[in-house]
2 protein chains.
Amino acid sequence: MNMSLTIALLGILDLTPMTGYDLKKSIAASVSHFWSADQSQIYRTLAVLVADGLAEVEVIPQEGRPDRHEHHITPAGRRALDEWLRSPLQPEKPHDAFLMRLFFVGTLGVPATRAVLRARRSQATVMLAGLQSVVEQEQARREPDDRSPDDLGRRLRHATLRNGILHAQAELAWLTETKEALE
Amino acid sequence: MNMSLTIALLGILDLTPMTGYDLKKSIAASVSHFWSADQSQIYRTLAVLVADGLAEVEVIPQEGRPDRHEHHITPAGRRALDEWLRSPLQPEKPHDAFLMRLFFVGTLGVPATRAVLRARRSQATVMLAGLQSVVEQEQARREPDDRSPDDLGRRLRHATLRNGILHAQAELAWLTETKEALE
DNA sequence: ATCCCGTATAGGTGTGATCCTATATGAACA
DNA sequence: TGTTCATATAGGATCACACCTATACGGGAT
C-alpha cells in the first residue's frame with residue numbers, strides 16, 4: 001500500500017470530511033511546507049481509498065455546479081491511518097538536485113560556483129520568510145480570543161513549521177560557511 | 001529531458017569514464033548522502049544517454065566475466081551538463097513523510113507522539129555520525145601526503161557533506177525544542 | 001561439494017507523480 | 001460581450017524510480 005498521498009488524504013479526512021477539490025486547497029494551505037499534491041493525483045488516490053473501503057462518498061447535490069463528492073474516512077480508514085502512524089518509518093533516500101549541482105559545478109570555475117550559491121541563498125531566504133510569516137499569521141489569528149486550548153494538534157502543526165524554519169536557517173548558515181571556504 | 005539521474009551520470013562520467021556497474025558503486029561511495037540510484041535505472045539511463053549522443057560506449061573484452069561497456073561522455077554530453085549546471089534550478093516540492101506523520105500523530109496522544117520523535121532522533125543521530133565519519137576518513141586519507149592541491153572540486157564535495165551535517169544538527173536541535181514544547 | 005560474493009549487463013512490472021486537457025456553470029470583471 | 005475565476009470532477013500520456021528477476025562465471029568460504 002501507498003505510504004504517502006494515501007496517508008495525507010486519510011489524515012486530512014480524519015480531521016474534516018471534504019471533497020477532492022477541498023483537499024487540494026487544504027493541502028496547499030496547511031501542509032504545503034512539507035507536502036504537495038497534484039489535483040488529478042488526489043482524485044485518483046481518493047478513488048483508490050473508496051475502492052479499498054478506507055473512505056466513503058456522500059454525494060451532496062448542488063445547483064449550478066457539480067455535485068459535491070464529500071469523502072468521509074471509515075473505521076477501516078482510521079485503522080489504516082493509526083497503523084501507519086505507529087509503523088516504523090524507514091529513512092527516505094535523498095534526492096537533492098541542488099547538492100548534485102554543487103558537487104559537479106566545480107568544473108565551471110569559481111564564478112559559476114558562486115552564482116549557484118547565490119541563487120540558493122535567495123531561495124532559502126524566500127523560504128524562511130514565507131515560513132515565518134505563516135507562523136506570525138497563526139499567532140495573530142490566535143491572539144484576539146485565546147480561549148481555544150493549545151492542544152497537541154496545534155503544537156505539532158506549529159512544530160512542522162519550526163522544522164522548516166530551523167532547516168532554512170541551517171541552510172543559510174551553511175551558505176555563509178561555504179562562501180568563506182571558497183575565498 | 002530528465003533533470004536528475006541523467007545529470008548525475010554525466011557528471012560522474014565527466015570525471016572518469018566507467019561502466020554501469022562502476023557508476024553504481026561510485027554513486028554509493030561518493031554521492032549517496034544526497035543521491036541514490038537503482039542499478040537497473042542506471043543501465044536504462046545510460047542507454048538513453050548513448051541514444052541521445054551524450055555518451056559513447058567503448059567495449060573492453062574481458063575473460064571469465066562480461067565485457068566492460070565503458071561509457072565516455074561526448075562533447076554534446078559535456079555541453080548538456082554545462083547547460084544544466086548554469087540553468088535556473090526551480091525549488092523542489094517537498095515530500096517529507098516524517099513531518100506528515102508528526103502533523104497527524106496528535107490524535108494518538110502524547111506517548112505515541114514522543115515515540116515518533118524518539119525514532120526520529122535516533123535516525124538523525126545515526127545520519128550525523130555517518131556523515132562525520134566520512135569527513136574524518138577524507139581528512140585522514142589526505143594527511144599522509146598533503147601534496148595534492150585543495151582544489152575547487154574537493155572543497156565542493158566537502159561542502160555537500162557539511163550541508164548534511166548542518167541539517168542533521170538542525171534536526172537534533174529542533175527535536176530538543178519540540179520535546180520541550182510538549183511538556 | 002555447495003553456496004554465496006563480486007563482476008557485469010539488462011528486462012519486467014508496478015507505482016507515484018507531473019503535465020495537460022476536458023467538462024459544466026454561475027458570478028464577477030473589463 | 002467576452003474573459004477569467006471559482007467550483008468540482010476526472011482521463012491521457014509520460015516520467016522517474018523502485019523492486020524483482022535473469023544470465024554468466026570465477027573465486028573464496030563453509
Side-chain angles (χ1 to χ4, degrees), chain A residues 1-10 17-29 31-32 34-52 55 57-71 84 90-97 100, chain B residues 1-10 17-29 31-32 34-52 55 57-71 84 90-97 100:
Chain A
M1 193 181 303
N2 175 3
M3 296 284 135
S4 52
L5 223 207
T6 304
I7 299 298
L9 298 186
L10 283 177
M18 56 177 80
T19 69
Y21 189 77
D22 295 334
L23 280 163
K24 172 67 184 155
K25 285 189 295 181
S26 178
I27 288 172
V31 302
S32 64
F34 61 83
W35 208 266
S36 69
D38 179 73
Q39 202 174 4
S40 64
Q41 188 62 18
I42 289 173
Y43 282 102
R44 265 184 266 258
T45 305
L46 227 28
V48 173
L49 287 183
V50 173
D52 290 351
V57 184
E58 181 187 355
V59 179
I60 300 175
Q62 294 191 124
E63 283 167 27
R65 59 194 52 176
D67 295 348
R68 286 176 63 79
H69 290 203
E70 207 172 76
H71 289 72
W84 181 80
Q90 72 278 25
E92 342 189 12
K93 310 173 179 173
H95 286 98
D96 190 322
M100 195 171 72
Chain B
M1 194 181 303
N2 176 5
M3 295 285 134
S4 52
L5 224 207
T6 305
I7 298 299
L9 298 186
L10 284 177
M18 55 178 81
T19 69
Y21 189 76
D22 295 333
L23 280 163
K24 172 68 184 153
K25 286 188 294 181
S26 178
I27 287 172
V31 302
S32 64
F34 62 82
W35 208 266
S36 69
D38 178 73
Q39 202 175 5
S40 63
Q41 191 62 21
I42 290 173
Y43 281 103
R44 266 185 264 258
T45 306
L46 227 27
V48 173
L49 286 184
V50 173
D52 290 351
V57 183
E58 180 188 355
V59 179
I60 301 174
Q62 294 191 122
E63 283 166 28
R65 58 193 52 177
D67 295 348
R68 287 176 63 79
H69 290 203
E70 208 172 75
H71 290 71
W84 181 79
Q90 73 277 26
E92 342 189 12
K93 311 175 178 176
H95 286 99
D96 190 321
M100 196 172 71

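The structure displayed is predicted, hence computed values, not measured ones. Reckoned from all heavy atoms, side chains included, excluding hydrogens, waters and symmetry mates. Chain letters run A, B, ... following the sequence lines, proteins first, then strands; residues in each count from 1.
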* Taking the side chain from B:His95 and the backbone from A:Ser36, do they hold a donor-acceptor pair closer than 3.5 Å? -> yes
* Contact class for A:Lys25 vs. all strands (heavy atom < 4.0 Å): base, sugar-phosphate, or nothing? -> sugar-phosphate
* **Whole angstrom value for the distance that separates C1' of D:dC19 from CD1 of B:Ile42** => 14 Å
Can you name the atoms? Protein N/O to nucleotides 20-26 of chain D N/O, anything below 3.5 Å, with the distance.
none

* To do: Evaluate the criterion side-chain contact (heavy atoms from CB on, under 4.5 Å) for residue pair B:His71 and B:Leu49; output intermediate values, then yes/no.
  => CA-CA 9 Å; B:His71 290 71; B:Leu49 286 184; over 6 Å; no
* Would you mind telling me which residue lines up with the more 5' stretch of DNA chain C, A:Trp35 or B:Asp67, judged by nearest nucleotide? => B:Asp67
* Phosphate OP1/OP2 of C:dT9: any B:Thr19 side-chain N/O under 4.0 Å -> yes
* Asked: Could B:Asp38 and B:Lys24 be called an ion pair, given the rule that one side-chain N must be under 4.0 Å from one carboxylate O?
  -> no
* State whether A:Lys93 places a side-chain N or O below 4.0 Å from either non-bridging phosphate oxygen (OP1 or OP2) of D:dC17. => no
* Is it true that a side-chain atom of B:Glu70 and a backbone atom of B:Val57 form a donor plus acceptor pair closer than 3.5 Å? -> no
* Structure fact -> The answer to which of A:Glu70 and B:Ala37 contacts DNA chain D further toward the 5' end, by nearest nucleotide, is A:Glu70
* To the nearest Å, give me how far apart OH (B:Tyr43) and P (D:dC17) are. => 17 Å
* Between A:Thr45 (side chain) and A:Gln41 (backbone), is there a donor-acceptor pair under 3.5 Å? -> yes
* Asked: Side-chain N or O of A:Thr6 less than 4.0 angstrom from OP1 or OP2 on C:dG16?
  -> no
* **For atom NZ of A:Lys24 and atom C1' of D:dT9, their distance in whole Å** => 15 Å
* Side-chain N,O (A:Tyr21) to OP1/OP2 (D:dT7) below 4.0 Å -> yes
* Asked: Between atom NE2 in A:His69 and atom P in D:dT7, what is the gap in whole Å?
  -> 17 Å
* Between the main-chain N or O of A:Tyr21 and the side-chain N or O of A:Tyr43, is there a donor-acceptor pair closer than 3.5 Å? -> yes
* Give the rounded distance in Å between these two atoms: CG of B:Leu5 and P of C:dA17. => 18 Å
* Could you go step by step and tell me if A:Asp67 and A:Ile60 meet the side-chain contact (heavy atoms from CB on, under 4.5 Å) rule? -> CA-CA 6 Å; A:Asp67 295 348; A:Ile60 300 175; over 6 Å; no
* Structure fact -> Separation of D:dC17 atom C1' from A:Met100 atom CE, nearest Å, is 14 Å
* Over how many whole Å does the gap from A:Asp22 atom CG to D:dA10 atom C1' extend? -> 16 Å
* To do: Spell out, as yes or no, whether a donor-acceptor pair under 3.5 Å connects the side chain of A:Glu58 to the backbone of A:His69.
  => no
* Quick one: is A:His95 getting a side-chain N or O under 4.0 Å of the D:dA18 phosphate, OP1 or OP2? -> yes
* Within the structure, does a side-chain N or O atom of A:Ser4 lie under 4.0 Å from either OP1 or OP2 of C:dA17? -> yes
* Asked: Counting side-chain heavy atoms from C-beta on, which of D:dA18, D:dT9, C:dT18 comes nearest to B:Gln41?
  -> D:dA18
* Starting at atom CD1 of B:Ile60, determine the distance to atom P of C:dA8, rounded to an integer number of angstrom. => 10 Å
* A:Ser36 side chain N/O closer than 4.0 Å to the phosphate oxygens (OP1, OP2) of C:dT18? -> yes
